[in-house]
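Below: one structure, written as structure tokens.
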Amino acid sequence: MSNNIDLTGDIATAVTGAAERGHTMALGYVDGDGYPVVSFRGSTVVHGPQQLAVWARSTDTGFAAAIADRPEVSLVYYGPGGPGAIFLSFRGRARVDPSADDAVYAAMIEGERGQDPERKGVAVIIDVEGVRGMGAEGPIAQAAA
């Protein structure tokens, strides 16, 4: 297993614009009642070599509220990426980060921006702690140092 997270190359290609290709990423978190929730997040983007970002349309309910007490999240992707199909499973810790609002809003696909044209939501940054999966070049296994 690698000692570093590197969300570049085929991983970045797969994540960026996944929803436009019909392969929206699924995000899992635990809600305020202690139940697991899985939702599709078309706004998911690579925010840096060790970070993903999503747009939360509500700042004080749902996902954005839940991660204040339970920041652990997981995301999955299956579909095209690079030279062939790729499966990715991410785990990390999420946090609301209003300082990233402009960058995340601009990076997400137009269809997602259209869901919140008045920008009432907030950027959520996910510090990725691990990535596992399979790509055209074989197994993918990365973990934070």
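Keep in mind it's a predicted model, so treat the numbers as computed, not measured. Note: hydrogens, waters and symmetry copies are ignored here, and every other heavy atom, side chains too, is used.
Checking side-chain atoms of Asp97 against main-chain N and O of Val124 turns up no donor-acceptor pair under 3.5 Å. His23 places a side-chain N or O within donor-acceptor distance of the main-chain N or O of Tyr78, the cut-off being under 3.5 Å. With hydrogens and angles ignored, the 3.5 Å screen pairs a side-chain donor or acceptor of Asp101 with a backbone N or O of Ala123. Of the possible polar contacts, none joining the Arg21 side chain to the Gly79 backbone as a donor-acceptor pair under 3.5 Å is found.
Grouping the Ile, Leu, Val, Met, Phe, Trp and Tyr side chains by contacts below 4.5 angstrom, directly or via other members, places Phe40 apart from Val76. Using a 4.5 Å cut-off between side-chain heavy atoms of Ile, Leu, Val, Met, Phe, Trp and Tyr, with links allowed through other members, Val54 and Val131 fall into the same hydrophobic cluster. When hydrophobic clusters are built by joining Ile, Leu, Val, Met, Phe, Trp and Tyr residues whose side-chain heavy atoms come closer than 4.5 Å, directly or via intermediates, Val128 is grouped together with Leu75. Put simply, Val37 and Leu27 are part of the same group of oily side chains (I, L, V, M, F, W, Y) that touch within less than 4.5 Å, one to the next.
Glu137 CD: 12 or fewer foreign heavy atoms inside a 6.0 Å radius.
In this structure, the side chains of Arg119 and Asp102 come closer than 4.5 Å at one or more pairs of heavy atoms. Here the side chains of Val45 and Val15 are not in contact, with every heavy-atom distance at 4.5 Å or above. A heavy-atom distance below 4.5 Å is not found between the side chains of Ile126 and Gln51.
Here the CD1-CZ distance, from Ile125 to Arg95, works out to 6.0 Å after rounding to the nearest 0.5 Å. If you take CZ on Arg57 and CD on Glu118, they are separated by 13.5 Å, rounding to the nearest 0.5 Å. Atoms CE and CG, on Met25 and Leu52 in that order, are 6.0 Å from each other to the nearest 0.5 Å. Distance check: Arg132 CZ to Phe87 CZ gives 11.0 Å after rounding to the nearest 0.5 Å. Once rounded to the nearest 0.5 Å, the distance linking CZ of Arg113 with CH2 of Trp55 reads 11.0 Å.
Shown here for Gly42 and Glu112, the closest heavy-atom pair between the two residues is C-CG, 3.4 Å. Residues Arg41 and Ala56 come closest through the heavy atom pair NH1-CA, 4.4 Å. Gln50 and Leu7 get closest at one heavy-atom pair: C-CD1, 3.9 Å. In plain terms, the two heavy atoms of Val104 and Ala53 that are nearest each other are CG2-CB, 3.6 Å. Across Asp6 and Ile11, no two heavy atoms sit closer than the pair O-CD1, 3.8 Å. Between Val122 and Ala64, the closest heavy-atom pair is CG1-CB, 4.5 Å.
Ion pairing between a basic and an acidic side chain is recognised when a charged N comes within 4.0 Å of a carboxylate O; Arg70 and Asp31 show no such pairing.
In this structure, the ring pair (Phe, Tyr, Trp, His ring centres under 6.0 Å) partners of Phe63, at least two apart in sequence or on a different chain, are Tyr29. With sequence neighbours left out, the ring pair (Phe, Tyr, Trp, His ring centres under 6.0 Å) criterion links Tyr77 to no other residue.
Counting only N and O atoms by type, the side chains of Ser89 and Arg91 include no donor and acceptor under 3.5 Å apart.
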Audit row: Leu88, Ile140, side chain to side chain contact (heavy atoms under 4.5 Å, CB included) steps and yes/no: CA-CA 8 Å; Leu88 299 166; Ile140 297 165; 3.7 Å; yes
